[in-house]
**Q** 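Got a structure for you, written out below as structure tokens; questions coming shortly.
Chain A is the first sequence line, chain B the second, and so forth, proteins listed ahead of strands; every chain is numbered from 1.
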2 protein chains.
Amino acid sequence: MTKSNLMREVEERLADRRVRFTKGRRTVVSALSLTDGPLSAAELHLVIGNAIPLSSLYRSLAVLERAGVLEPHLGKKGVTRYELAEWLRGHHHHLVCIECGAVDDVELPENYESRVAELVRGIGDIARFTPMNHALEIEGRCARCA
Amino acid sequence: MTKSNLMREVEERLADRRVRFTKGRRTVVSALSLTDGPLSAAELHLVIGNAIPLSSLYRSLAVLERAGVLEPHLGKKGVTRYELAEWLRGHHHHLVCIECGAVDDVELPENYESRVAELVRGIGDIARFTPMNHALEIEGRCARCA
DNA sequence: TTCCTTGCAAACGATTTGCATTGGA
DNA sequence: TCCAATGCAAATCGTTTGCAAGGAA
């Protein structure tokens, strides 16, 4: 999805919910649309050049999460990282570095993703569970920390 | 695994690593072996009847985590809950019900688990990432809520 | 106007740490 | 004996909140 399309999608979603798409919120969505993985409030604060105070950032993140635009990922030391929700970013999985805590997104090649989906269906059958969504999270060492 | 076997396994592991299995650490492992889900430091503090001050609890948890006896489970509000490590509890995945929020553990049949492991290895190769651990989390509707 | 958002500073709560004391090998 | 573990209190750090000022509808 192009960035301007993305902003339009978000705008629409927020309008539906009577939530204002203010300058601060635009900045957050825009920054997250340009990065590879989830960012914490502090990381976001750096990325956007201290343009928005932390407290306002936290409030924007909370609003965007409640509106279903962002998804939180809980990290160590009580740090929460956010990324665009799946309906905006597309389906992907996470590589979490146990060394530095960085989270990278991977979009699997179709043959991999179909095997994951197949496993998920099979597990659902075994466990009498109706799968709606899945996430394969892999912990390990990223290229930088290996 | 019986509880006394479990304590013996932990004792052995700690001995190998020259880590003392003190009264406080025994209390923590024992409490966690008796509960169904992961517990936070505060919850543990309650469960063991304030027998150990919070700061000591945190230190015990840190030591046991570094020794590979406990695994942290990151929750909202910066709360970390701990459970016995996988080699003590068995490898499993999570089925999260989007209806009632319940989290069920599933232990996959060997042929499923090996396919998951194979995918994880393949993904690591693609992404230049060294996988150490993985977790497949499936969201959907549990049997009760379907 | 009226309600929502923002910025600042202070408050909060989970976790960590400095230091003196205790305890186990 | 002697280093690691403990208890207490104070410090840290991510996050939240009260309040007054700014903005959009």
**Q** Decide yes or no for P72(B) and R81(B): does some side-chain heavy atom of the first lie under 4.5 Å from some side-chain heavy atom of the second?
**A**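 Sidechains of R81(B) and P72(B): no contact.
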**Q** For S40(B), check side chain to side chain donor-acceptor pair (under 3.5 Å) against everything at least two apart and list the hits.
**A** E43(B)
**Q** Of the candidate nucleotides dT6(C), dG7(C), dT15(D), which contains the atom at the shortest distance from the side chain of S60(A)?
**A**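 Output: dT6(C).
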**Q** Quick test of your reading: applying side chain to side chain donor-acceptor pair (under 3.5 Å), list the pairs with at least one residue in residues 128-146 of chain A, sequence neighbours left out, ordered by first then second residue.
**A** H91(A)-H134(A), E99(A)-R141(A), E113(A)-H134(A)
**Q** Give the residues of residues 15-23 of chain A touching DNA chain C, defined as any heavy atom closer than 4.0 Å, sorted by residue number.
**A** R20(A), T22(A)
**Q** Give the rounded distance in Å between these two atoms: CG of L74(B) and C1' of dA14(C).
**A** 13 Å
**Q** Nearest whole Å is fine: how far is dT17(C) C1' from L61(B) CG?
**A** 16 Å
**Q** Is there a side chain to side chain contact (heavy atoms under 4.5 Å, CB included) between I52(B) and L44(B)? Walk through the geometry before answering.
**A** CA-CA 9 Å; I52(B) 303 174; L44(B) 214 35; over 6 Å; no
**Q** Going by the rule salt bridge (charged side-chain N to carboxylate O under 4.0 Å, His left out), which residues pair with E118(A) if we only count those two or more places apart in sequence or in a different chain?
**A**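 R115(B).
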**Q** Expressed in angstrom and rounded to an integer, what is the separation of R66(B) atom CZ from dA4(D) atom P?
**A** 12 Å
**Q** How would you summarise protein contacts on nucleotides 8-14 of chain D per nucleotide, using B for base, S for sugar-phosphate only and - for none, with heavy-atom distances below 4.0 Å?
**A** BB----S
**Q** Would you name the heavy atoms of A67(B) and L14(B) that are closest together and state the gap between them?
**A**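 Scanning both residues completely, I find the closest heavy atoms to be CB-CD2, 3.6 Å.
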**Q** What is the separation between atom CG on L39(B) and atom P on dT15(C), rounded to the nearest whole Å?
**A**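 My rounded result for the distance is 12 Å.
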**Q** Using whole Å, report how far NZ of K76(A) lies from P of dT15(C).
**A**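 After rounding, the gap between these two atoms is 12 Å.
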**Q** Can you tell me how far apart CG (L54(B)) and CZ (R59(B)) are? Round to the nearest 0.5 Å.
**A**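 So the CG of L54(B) and the CZ of R59(B) are separated by 11.5 Å.
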**Q** Which is true for R25(A) with a 4.0 Å heavy-atom rule: it touches a base, it touches only sugar-phosphate, or it touches nothing?
**A** sugar-phosphate
**Q** What pairs meet the side chain to side chain donor-acceptor pair (under 3.5 Å) rule with one or both residues in residues 19-28 of chain A, with sequence neighbours excluded?
**A**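 Of all non-adjacent pairs touching residues 19-28 of chain A, those that pass side chain to side chain donor-acceptor pair (under 3.5 Å) are E11(A)-R26(A).
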**Q** If you count every heavy atom of other residues, nucleotides or ligands that lies below 6.0 Å from D36(A) atom CG, does the total exceed 12?
**A**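 Count not over threshold, so no.
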**Q** Round to the nearest Å and state the distance from E65(A) atom CD to dT15(D) atom C1'.
**A**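 It is 13 Å, rounded to the nearest whole Å.
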**Q** Rounded to whole angstroms, how far apart are CG on L14(B) and P on dG24(C)?
**A**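 Value for this atom pair: 16 Å.
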**Q** Can you measure N50(B) atom CG to dG7(D) atom P for me and round it to whole angstrom units?
**A** 12 Å
